[in-house]
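Take a look at the structure below.
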Amino acid sequence: MSIVDKGKEAVQGVAQAVMKKAAELAPDSLMPGGRPDPLIRRQHGHIGKPVSRVDGPLKVRGAAPFAAEVALDGMAYAALAYSTIAKGRIAAIDTAAAEAAPGVVLVMTHRNAPRLNPPPRFLSGDKAAAGDDSPIMQDDRVRWNGEPVALVLAETQEQADHARSLIRIAYEEEPAATSLATVSQAAGGCEVGTFMGEPLRAVVGDADAALAAAAHKVEVVYRTPGHNHNAIEPHAATLAWRGDELFVHDATQAVAHTAWSMAQIFGLEESQVHVTSPFVGGGFGAKGLWQHQVLAAAAARLAGRPVRIALSREGVYRIVGGRSPTEQRVALGADADGRLTAIIHRGVTPKTRHSPMPEPFILPTQSAYASETIALEVQTCYLDMVANTFMRAPGEAVGTVALECAMDELAEQLGLDPIELRIRNEPDKDPISGRPFSSRNIVAAYRAGAERFGWDRRSPTPRARREGEWLVGMGCATATYPYHRMPGGAARITLDADGRARVDVAAHEMGMGTATAQAQVAADRLGLPLEAVTVRYGDSSLPGVILAGGSQQTASVGLSVMMAHQELVGELLKLAGNDSPLAGLRAEEVESADAGLRKLDEPGRFESYASILGRAGRSELAAEGSAPMPLETMHWSMHSHGAMFCEVRVNAVTGETRVSRFLGSFDCGRILNPKTAASQFRGGIIMGLGLALMEETQFDERKGRIMNRTLADYHLPVHRDVPEIDVIWTDIPDPHAPMGARGIGEIGITGTGAAVANAIYNATGRRVRDFPITLDKLL
Amino acid sequence: MTPFSYVRAADADAAVRHSGADAKYLGGGTNLVDLMRETIERPGTLVDVTGLSAGITETDGGGLLIGAAVRNTALAEHGLVRRRYPMLARAIVAGASPQIRNMATVAGNILQRTRCAYFYDRAGSRCNKRQPGRGCDAIDGFNRMHAILGASPSCVATHPSDMCVALAALDATVHVSSADGERRLPFADLHRLPGDAPDLDTVLLPGDLITAVELPPLALAERSTYRKVRDRSSYAFALVSVAAALSVENGTVTDVRLALGGVAHKPWRASKAEQALRGQPATEAAFRVAAAAELAAAEPLRDNTFKVELAQRTIVAVLGELAGVEVTGGGA
Amino acid sequence: MGVIVNGTDVELPDDPRVSLLDLLREGLHLSGTKKGCDQGACGACTVLVDGQRILSCLALAVQYEGRSVTTIEGLGDEGALHPLQQAFIEHDGFQCGYCTPGQICSAVGMIEELRRGVPSHVTADLAATAIPCSRDELRERMSGNLCRCGAHNGIMDAIAETYGAETHREAAE
């Protein structure tokens with residue numbers, strides 16, 4: 001990071017700190033969410049109904065178009081060649097054979113690539129999208145093993161792939177930093193990591209002294225490896241220039257960010273770039289702006305042809321970042337009653353100089369437990385490797401592994417039930433910021449989960465239950481993920497003369513059921529039947545800068561639609577005029593119901609939308625609204641919560657672990673659609689099972705190269721690894737969140753790894769602190 | 001994929017006629033097509049031999065003759081295989097996925113190449129199997145999946161097949177056609193240890209075509225099984241696998257067949273363990289001694305030391321299962 | 001003779017490198033069959049050839065001359081969903097929808113294998129001619145189809161409901 005960048009981050013940090021203080025001190029009523037969303041009170045609408053996905057028929061027929069499936073006339077196919085050294089320069093590059101190969105349209109290298117501005121690194125600006133701000137094919141430098149060094153365009157993919165294999169490159173290799181141990185242990189090798197401009201560090205009291213004095217303590221080191229998202233759809237884009245306008249059919253979690261960022265890179269106005277992404281084949285944090293879209297657009301410009309770039313599975317590993325490994329030391333001190341007196345959570349994780357943030361594994365510990373003293377810190381060091389990036393619950397997914405396993409270790413030492421230990425340390429306000437919780441019912445989630453799971457059948461003594469070759473055990477852990485809402489939310493509602501509504505919002509669908517859940521919410525908001533509402537999304541020309549990330553899309557869209565609805569009501573009242581039963585009413589005096597507006601305390605004063613529009617001779621009426629700054633997140637401590645329960649069977653002969661039962665008991669506010677929500681919870685949990693038992697990116701430190709870059713070598717859970725997963729929830733609305741709903745997309749992966757590990761300990765008496773827990777560690 | 005020409009052979013003679021220095025026989029394509037896409041294999045001609053014999057017939061002696069083009073699924077579901085050679089049926093269905101088993105042929109399965117990640121990484125890693133003399137990046141790299149028996153300083157790769165482990169245990173014979181005529185060779189002699197020529201997976205010469213696999217009659221095999229240990233519960237290559245057949249009379253082992261997968265450059269016939277077992281009491285203690293005898297020569301690498309213990313435990317457990325003797329596990 | 005795709009005779013590609021998957025997606029614009037890994041490791045490209053499920057990414061199109069290929073677009077009747085497709089919607093057997101066509105084609109092929117008595121890794125009795133349609137069998141037999149969104153439970157429910165499998169909920173014990 002340059003000094004300028006550091007300065008920028010520091011300014012960003014100070015500004016945020018000032019705003020936070022102001023938001024903390026302000027009265028509730030001035031905050032977004034200060035007055036509960038009126039939809040929270042409505043109990044008989046579409047919200048809460050298990051509606052099947054509106055795009056289900058398209059998806060099951062394979063008719064939902066993904067980015068690599070848009071056909072453009074005259075399209076050429078791209079293939080990328082990747083560097084095979086971690087650091088150095090390209091000394092020579094021979095493209096003659098590739099250029100002469102059949103069907104080749106263009107070979108692009110740093111020698112002929114158009115000059116491009118650096119990609120705006122994610123978090124460096126409101127609409128910055130790039131996961132990596134390295135220059136893209138602009139010089140002969142090699143920055144990581146796997147960096148694109150050449151692109152071939154050909155008439156067919158087969159021809160492009162073959163020509164790519166004919167390119168010969170000679171490198172001048174330079175010493176590279178590729179070993180976490182070497183770099184992190186060198187003097188000055190590490191520094192405190194920053195996240196969103198603030199240091200990843202928190203201190204309350206003197207935790208080291210409190211730990212030394214504690215009656216009971218555990219001090220342990222947990223290690224988690226790198227992970228890759230491995231969405232089944234590899235990254236792809238199909239794009240074309242029309243004059244100076246760029247049209248990109250992308251697979252992205254950030255259409256608006258991508259349009260702006262591509263414009264920056266190519267020196268265009270934002271309005272000259274159009275990004276559509278109606279269906280994303282899984283994202284999990286990885287589907288952002290990486291080099292492939294930029295390279296394809298550059299090549300398309302050079303060749304004067306539309307281009308399809310569909311990364312190979314190896315290509316995804318080479319240029320799209322994953323989660324970094326972590327080494328976390330957790331120390332807990334407790335008094336004789338099991339009340340925490342010290343929480344220490346420190347450790348190290350590598351990042352690159354070009355990625356947005358280090359893996360912030362201390363995040364879940366910030367609001368977890370009451371303790372007299374707390375010391376949290378993420379140290380980071382810089383490696384020459386493919387950029388690390390956000391992967392489902394960055395921080396929490398692996399941070400809960402260390403924290404929640406350590407809690408299990410402490411419970412055993414105290415002779416306390418692990419749930420009881422957690423309940424004893426339940427904080428009444430945020431332990432670090434001191435802010436009140438907006439809504440926190442984790443104890444209720446634990447109690448409901450324990451009863452349903454049969455926790456009382458767990459033996460506190462490890463290795464107490466054996467069935468044939470199989471040792472059986474149970475474990476639990478806390479899940480947590482913050483409520484986020486990012487600035488930039490906006491949406492438009494368009495009513496037509498038949499009383500149908502369309503919501504336009506630059507949101508995304510990568511499996512969450514966006515169109516379905518948002519149609520339910522909008523229908524309730526507008527007092528319309530579900531069939532009368534459509535949601536248009538996945539297009540940068542629509543309103544809003546809304547990231548499908550941080551589990552915040554639902555809140556951001558929900559509040560934006562709420563604001564658009566307020567505007568719409570005002571416009572409708574104006575349009576209704578003096579001949580309407582609504583004449584003279586102000587927006588605060590009416591509500592939407594029965595496909596029209598009615599006076600709140602006098603339901604008889606009603607006029608339908610169709611009637612209002614009809615009388616005014618309007619075919620449609622549109623209103624746009626913008627969400628206010630997300631000050632609520634600085635006023636309350638807002639988090640989704642969960643209690644995870646796991647039963648495992650560990651084979652005493654071979655060490656193989658099978659998860660036989662799992663229950664997630666969640667407290668995430670109001671659940672908008674139980675069917676799609678259950679799927680999201682389960683999906684997170686299953687990714688957590690992978691994290692616990694098999695997932696590991698094998699980074700060969702000798703060359704800085706990822707070796708298991710296939711789905712045969714990087715193991716994801718298969719059907720047989722996945723038991724029936726039970727999910728329940730409190731369904732207690734958060735009074736300060738839009739619709740009363742907090743995020744649900746990421747929390748499932750949190751706590752799961754620890755629940756599995758704790759169950760394995762209960763089954764075998766083996767405490768494995770090095771993830772994933774493969775069978776060799778249990779032999 | 002490097003350009004190639006494609007021909008379909010109507011029979012073995014035609015296939016052999018089409019073969020040349022630059023040709024490869026193509027079965028189900030489940031390994032070769034992948035390797036061609038990775039440009040590790042770059043044949044000038046592909047001779048499609050899926051039209052060759054896909055029959056399974058009983059031999060005069062009561063064995064089975066299995067055509068080279070029989071698909072893996074067809075072999076596993078065949079009544080005689082299930083009844084007489086259950087370890088073979090079990091080994092096949094432990095491998096890959098059903099879709100792949102529907103495509104893969106018997107000969108193709110036998111001739112599949114290692115899954116060593118350094119072998120696959122043509123652009124970025126050294127591999128003596130790909131390029132003899134270049135060096136091996138696996139020996140000091142990620143080698144959890146690699147060999148503990150019979151490896152050499154030039155190669156520590158493993159053979160990934162499950163089916164072949166059973167064929168090794170069953171004393172199968174391979175029928176081979178070439179321009180020089182037909183010959184048969186014991187399955188155990190087909191695959192090589194790497195030595196200083198790890199580029200050669202088998203003793204077959206260019207142009208040699210596997211036309212069939214023959215299983216001898218083996219009453220013992222009716223009481224046989226296959227156990228595979230891997231990093232997830234399905235669709236993963238073996239860390240260790242064991243194919244075993246056992247005959248016990250009056251508490252004494254009268255005969256045994258034992259082979260291991262995931263431990264060597266070839267399907268590993270555990271002859272030492274077999275020898276140690278014959279005539280011994282069918283007890284856990286004797287099984288342990290036999291397993292230890294087989295693994296005594298193991299030379300594990302950085303990441304696969306566990307395989308030495310895992311292989312022994314799995315052998316003991318499988319023999320225990322076949323003998324109906326309860327074993328205590330590995331002491332875990 | 002070419003290859004028959006969903007009942008239509010289609011010309012084989014001139015370039016023998018073209019996989020059946022790329023013939024479908026790029027040549028015929030039948031993009032319902034998905035490319036997830038292009039190396040036989042995910043199952044997203046599963047199609048039926050003469051009723052048998054295979055991975056179209058590892059299949060060279062020229063090898064399938066005269067064979068009959070059914071893709072997700074060819075399942076079910078004109079305009080109506082296949083019962084399994086309907087069940088996938090009902091049980092939320094997908095999220096992003098990318099692995100879905102492969103899961104569905106795989107399940108259609110799988111159930112034929114089960115009815116035919118093809119054993120699996122979890123089949124206890126190899127001699128048995130009828131194999132129970134248990135959750136364990138279904139899970140094992142569908143393990144060649146990866147899903148990263150984690151729709152596994154819904155997929156199993158959809159298959160079990162459609163093909164009348166035992167549906168006891170193991171989690172309830």
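These values consider heavy atoms only, across backbone and side chains, with no hydrogens, waters or symmetry-generated copies. Just so we're on the same page: letters track the sequence lines, and every chain starts at 1. Keep in mind that what you see is a predicted model, and the values were worked out from it rather than measured.
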So, taking the atom named [atom1] in [X] and the one named [atom2] in [Y], what distance separates them when rounded to the nearest 0.5 Å?
{"X": "B:I92", "Y": "C:S120", "atom1": "CD1", "atom2": "OG", "value": "13.5 Å"}
{"X": "C:S143", "Y": "B:R232", "atom1": "OG", "atom2": "CZ", "value": "8.0 Å"}
{"X": "B:S97", "Y": "C:M142", "atom1": "OG", "atom2": "CE", "value": "10.5 Å"}

Under 4.5 Å from any heavy atom of chain C - which part of [X]:
{"X": "B:A89", "result": "side chain"}
{"X": "B:L32", "result": "neither"}
{"X": "B:T50", "result": "side chain"}

Is chain B contacted by the side chain of [X], its backbone, both, or neither, given a heavy-atom distance below 4.5 Å?
{"X": "C:C42", "result": "backbone"}
{"X": "C:T46", "result": "side chain"}
{"X": "C:E65", "result": "both"}
{"X": "C:D38", "result": "both"}

**Item:** Taking every non-hydrogen atom, the tightest pair across C:D125 and B:R90
**Value:**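 Distance-wise, the nearest heavy atoms are N-NH2, 4.4 Å.
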**Asked** Around atom CD of B:E222, are there more than 12 heavy atoms of other residues, nucleotides or ligands at under 6.0 Å?
**Response**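 Enclosed.
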**Prompt:** Within a radius of less than 6.0 Å around CZ of C:R116, do more than 12 heavy atoms belonging to other residues, nucleotides or ligands occur?
**Reply:**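 Buried by this count: over 12 neighbours within 6.0 Å.
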Is any side-chain heavy atom of [X] less than 4.5 Å from a side-chain heavy atom of [Y]?
{"X": "B:S233", "Y": "C:H121", "result": "no"}
{"X": "C:R53", "Y": "B:I100", "result": "no"}
{"X": "B:L46", "Y": "C:L60", "result": "yes"}

**For B:P86, all residues meeting side chain to side chain contact (heavy atoms under 4.5 Å, CB included), sequence neighbours excluded** = B:S224, C:L126
**Donor-acceptor pair between B:Q99 and C:S106 side chains, under 3.5 angstrom** = yes
**Request:** Considering only heavy atoms and a distance below 4.5 Å, find which of C:Q63, C:Q39, C:E140 pairs most often with chain B.
**Result:**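 Of C:Q63, C:Q39, C:E140, C:Q63 has the most heavy-atom pairs under 4.5 Å with chain B.
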**Request:** Report the option among B:G95, B:A76, B:P98 that has the most heavy-atom pairs separated by less than 4.5 Å from atoms of chain C.
**Result:**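 Winner by heavy-atom pair count: B:P98.
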**Asked** Which residue out of B:V81, B:L26, B:T73 racks up the most heavy-atom pairs below 4.5 Å with chain C?
**Response** B:L26
**Item:** Check against side-chain contact (heavy atoms from CB on, under 4.5 Å), B:M1 and C:V18
**Value:** CA-CA 10 Å; B:M1 218 181 272; C:V18 176; over 6 Å; no
**Residues in residues 108-120 of chain B that sit under 4.5 Å from chain C, counting heavy atoms only** = none
**Message:** I need the contact set between residues 2-10 of chain B and chain C: heavy-atom distance under 4.5 Å, sorted by residue number.
**Reply:**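 If one takes a 4.5 Å heavy-atom cut-off, the residues of residues 2-10 of chain B near chain C are B:T2, B:P3, B:F4, B:Y6, B:R8.
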**Asked** Between the side chain of B:R82 and the main-chain N/O of C:P119, is any donor-acceptor distance below 3.5 Å?
**Response**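 Side chain of B:R82 to backbone of C:P119: no pair is present.
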**Complete:** Contacts of C:T33 meeting side-chain hydrogen bond (donor to acceptor under 3.5 Å, both in side chains) (sequence neighbours excluded), chain-then-number -> none
**Message:** With side-chain contact (heavy atoms from CB on, under 4.5 Å) as the criterion, how do C:L55 and B:N102 come out once you've worked through the C-alpha distance, each side chain's angles and the decisive distance to 0.1 Å?
**Reply:** CA-CA 9 Å; C:L55 299 181; B:N102 284 341; over 6 Å; no
